[in-house]
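Following: one structure in structure tokens, then a few remarks.
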Amino acid sequence: MEEEFDFESPEERKISVDRYEEMIRNEDQYFFDSKAFEGIIDYYIEKNDPIKALQVADYAINQHPFDITFLLKQAQLYSSTQQFDKALHALAKAELLEPSEGDIFFIRGGVYGSRGQFNEAKEQLFQALSLSDNKDEIYFHISVVYQGEGDFEKAIYYLKKTLELNMENQEALYELAYCYDILDKQEESVEFYKKYIDSEPYSYYAWYNLGNAYHKLTQYPEAIDAYDYAILIKENFSSAYFNKGNALVNLDRYQEALEVYKQTFEYEKPSADTYCAIGECLEKLEQMEEARVFYKKAVKMDGDLADAWFGIGVTLDFEERHFESLHFYKKALELDDANPDYWFAIADARYKLKQIDLAQEAYAKVVALNPLDVDAWLDYSSIFFEQDKVDEAIEIVSEAITNNPEAAELYFRMVAYLFANGKYNDAIVFLELGLATDPEKHHILFDYLPQLQGNHIISEIIKKYTPK
């Protein structure tokens, strides 16, 4: 005896859909059993045509008024098309027919959640929990409501309950990683995924999330190990290859990163981000022409990828084609005008092109956007010093020190400027401050003003702070 199934085969469903569409064309009324109507509704849902699916649900409700399946489908479709009042009306009718059907409360909870009525949503979902066997799915949706409220701790609690019942729920693993990320609790994330992996060692997604948590903790070797396990389990896991490449870049292992990025092409179509990442590796390896090829591929694929435009500029600047590099730096800046790295590159290029006033403006922008960029402060002050505007240079370094009191190189630069300005007593004060902060960096003073190396007073003070 053949086993009977309560769903239609693809062939049967095609026959039902054709017959339904014939009925619509003929403006007629044909009878369909419940199974056929379900198949037709699902066909239009899969085709992403909720309007036609709703039309079928109406016919189904008219022909099978006591089958709540179609009222539930109708409610879900109304909800997905933002027709929340109609969805709630359909659910109320379903509840009259079967008041203990858990899916009614589950769908109603989703509707309230979509409307931002979080308390009502939770009330309905907890009611569904007492009536339904699909508790893992309900726990997951309760966690989504808590996320909507901004209560990520509670969301984590219910995501863990979801995974206790269904350890293969990839969506729950993804959302859990997101919640830990929002709360900046990467250590807890690492502990959870390590424990989870003890029970599910072949969950590639858990290994991947563990890698991401290590990555955010800047524990790059551990991140690479985790990504490697994810790849071992799922060889075509392109995101794991890409993130492994990023971890290798953070360890300055550019050649290895290059090979890993290229491996992603075996499993997915090239993306602008991957082309840009390859370009950066080649740039760091000083293979500028090849880097430029990949950066250009990136901008051809995505003209809004600022880092790729910037990368082209960097390769040209390296070849001392400063005027050309400015064009690409400006393109990057048009897309992200608050990026201090882009302003710094523009300032440097302007300086090399002897566009001094424009370079000053760009450096001012860099330190305004990122007052912790010590190199930018030093370069900015240098421009004024080179123009014999020593007071302005001193003022800039003074502001830099206010923002970076632990940066010894700023104190030593201040010493140089004060000596040049004849303010010897002030210079000695800053020399001692610099030596107290980091005596090993005192050579910076002589790199900038070599003539100070013969100054007896400076030499004696340095001896006090540096061992023989």
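Looking only at distances, no side-chain donor or acceptor of Ser132 sits under 3.5 Å from a matching main-chain atom of Leu129. The backbone N or O of Pro439 sits less than 3.5 Å from a side-chain atom of His442, completing a donor-acceptor pair. In this structure, the side chain of Ser381 engages the main chain of Leu378 through a donor-acceptor pair within 3.5 Å. With hydrogens and angles ignored, the 3.5 Å screen pairs no side-chain donor or acceptor of Asp181 with any backbone N or O of Ala177. Counting only distance, with no hydrogens or angles, the side chain of Tyr411 and the backbone of Asp438 share no donor-acceptor pair below 3.5 Å. Trp377 places a side-chain N or O within 3.5 Å of a backbone atom of Pro371 that can act as its donor or acceptor partner. Of the possible polar contacts, none joining the Asn209 side chain to the Tyr193 backbone as a donor-acceptor pair under 3.5 Å is found. The backbone N or O of Ala172 sits less than 3.5 Å from a side-chain atom of Asn169, completing a donor-acceptor pair. Checking side-chain atoms of Asn404 against main-chain N and O of Ala407 turns up no donor-acceptor pair under 3.5 Å.
Using a 30° and 60° split on the angle between ring planes, Phe294 and Tyr275 fall in the tilted class, from 30° to 60°.
With values rounded to the nearest 0.5 angstrom, Lys244 atom NZ is found 3.5 Å from Asp228 atom CG.
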Please determine whether side-chain hydrogen bond (donor to acceptor under 3.5 Å, both in side chains) holds for the pair Tyr214 and Gln186, giving the CA-CA distance in whole Å, both sets of side-chain angles, and the decisive distance to 0.1 Å. CA-CA 7 Å; Tyr214 276 132; Gln186 302 307 334; over 6 Å; no
Under the ring-ring contact (aromatic ring centres under 6.0 Å, His included) rule, what do Tyr380 and Phe384 come out as? Steps first, then yes or no, please. CA-CA 7 Å; Tyr380 184 27; Phe384 288 94; 5.6 Å; yes
Is there a ring-ring contact (aromatic ring centres under 6.0 Å, His included) between Tyr261 and Phe242? Walk through the geometry before answering. CA-CA 6 Å; Tyr261 286 136; Phe242 186 80; 5.4 Å; yes
Using the side-chain hydrogen bond (donor to acceptor under 3.5 Å, both in side chains) rule, take Gln147 and Tyr178 through it: C-alpha gap first, then chi angles, then the decisive distance, then the call. CA-CA 10 Å; Gln147 283 190 57; Tyr178 172 75; 5.3 Å; no
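Ring centers of Tyr158 and Phe140: at least 6.0 Å apart, outside the cut-off. Aromatic ring centres of Tyr208 and Phe237 lie closer together than 6.0 Å. Ring pair Tyr329/Phe310: centre-to-centre distance below 6.0 Å. Two rings, from Phe430 and Phe412, have their centers 6.0 Å or more apart.
Looking only at atom types and distance, the side chain of Asn212 has a donor-acceptor partner in the side chain of Tyr227 under 3.5 Å away. When only modelled atom types and interatomic distance are considered, Glu266 and Asn236 share no side-chain donor-acceptor pair under 3.5 Å. A donor and an acceptor atom, one from each side chain of Asp151 and Tyr146, are nowhere located under 3.5 Å apart. Glu164 and Tyr139 share no donor-acceptor pair across their side chains, judged by distance under 3.5 Å alone. For the 3.5 Å distance criterion, the side chains of Asn246 and Tyr220 fail to qualify, holding no donor opposite an acceptor. Defined by atom type and a distance below 3.5 Å, a donor-acceptor pair is missing between the side-chain atoms of Glu259 and Gln263. No hydrogens or angles considered: nothing links the side chains of Tyr351 and Gln360 as a donor-acceptor pair under 3.5 Å. No hydrogens or angles considered: a donor-acceptor pair under 3.5 Å links the side chains of Ser382 and Tyr448. Under 3.5 Å, the side chains of His215 and Asn250 contain a donor-acceptor pair of N or O atoms.
Summarising the local packing, OH of Tyr254 is surrounded by more than 12 heavy atoms from other residues, nucleotides or ligands at distances under 6.0 Å. Within a 6.0 Å radius of NZ in Lys365, no more than 12 heavy atoms belonging to other residues, nucleotides or ligands are found. Surrounding CG of Asp198 are more than 12 heavy atoms belonging to other residues, nucleotides or ligands, all under 6.0 Å away. Under a cut-off of 6.0 angstrom, the local environment of NZ in Lys352 is crowded, with over 12 non-hydrogen atoms contributed by other residues, nucleotides or ligands. In this structure, Glu386 places its CD atom where more than 12 heavy-atom neighbours from other residues, nucleotides or ligands lie under 6.0 Å away.
Here Glu123 does not pair with Arg108 in a salt bridge; the nearest charged N to carboxylate O distance is not below 4.0 Å. With salt bridges taken as basic N to acidic carboxylate O contacts below 4.0 Å, none links Glu361 and Arg350. Under the 4.0 Å criterion applied to side-chain N and carboxylate O atoms, Arg13 and Glu46 are assigned as salt-bridge partners. At a threshold of 4.0 Å, the pair Lys73-Asp42 counts as salt-bridged, since one of the basic side-chain nitrogens sits closer than that to a carboxylate oxygen. Between Asp85 and Arg115 a salt bridge is recorded (basic side-chain N to carboxylate O distance below 4.0 Å). At a threshold of 4.0 Å, the pair Asp252-Lys284 does not count as salt-bridged, since none of the basic side-chain nitrogens sits closer than that to a carboxylate oxygen.
No side-chain heavy atom of Tyr342 sits less than 4.5 Å from a side-chain heavy atom of Lys331.
Leu335 is linked by a side chain to side chain contact (heavy atoms under 4.5 Å, CB included) to Asp304, Ala306, Trp309, counting only residues two or more places apart in sequence or in another chain. Glu319 pairs by the side chain to side chain donor-acceptor pair (under 3.5 Å) definition with Arg292, Arg321, not counting sequence neighbours.
Geometric assessment of Lys154 against the ring of Tyr157 yields a negative cation-pi assignment under the 6.0 Å and 45° thresholds. At least one test fails for Lys185 against the ring of Tyr180: distance under 6.0 Å to the centre or angle within 45° of the axis.
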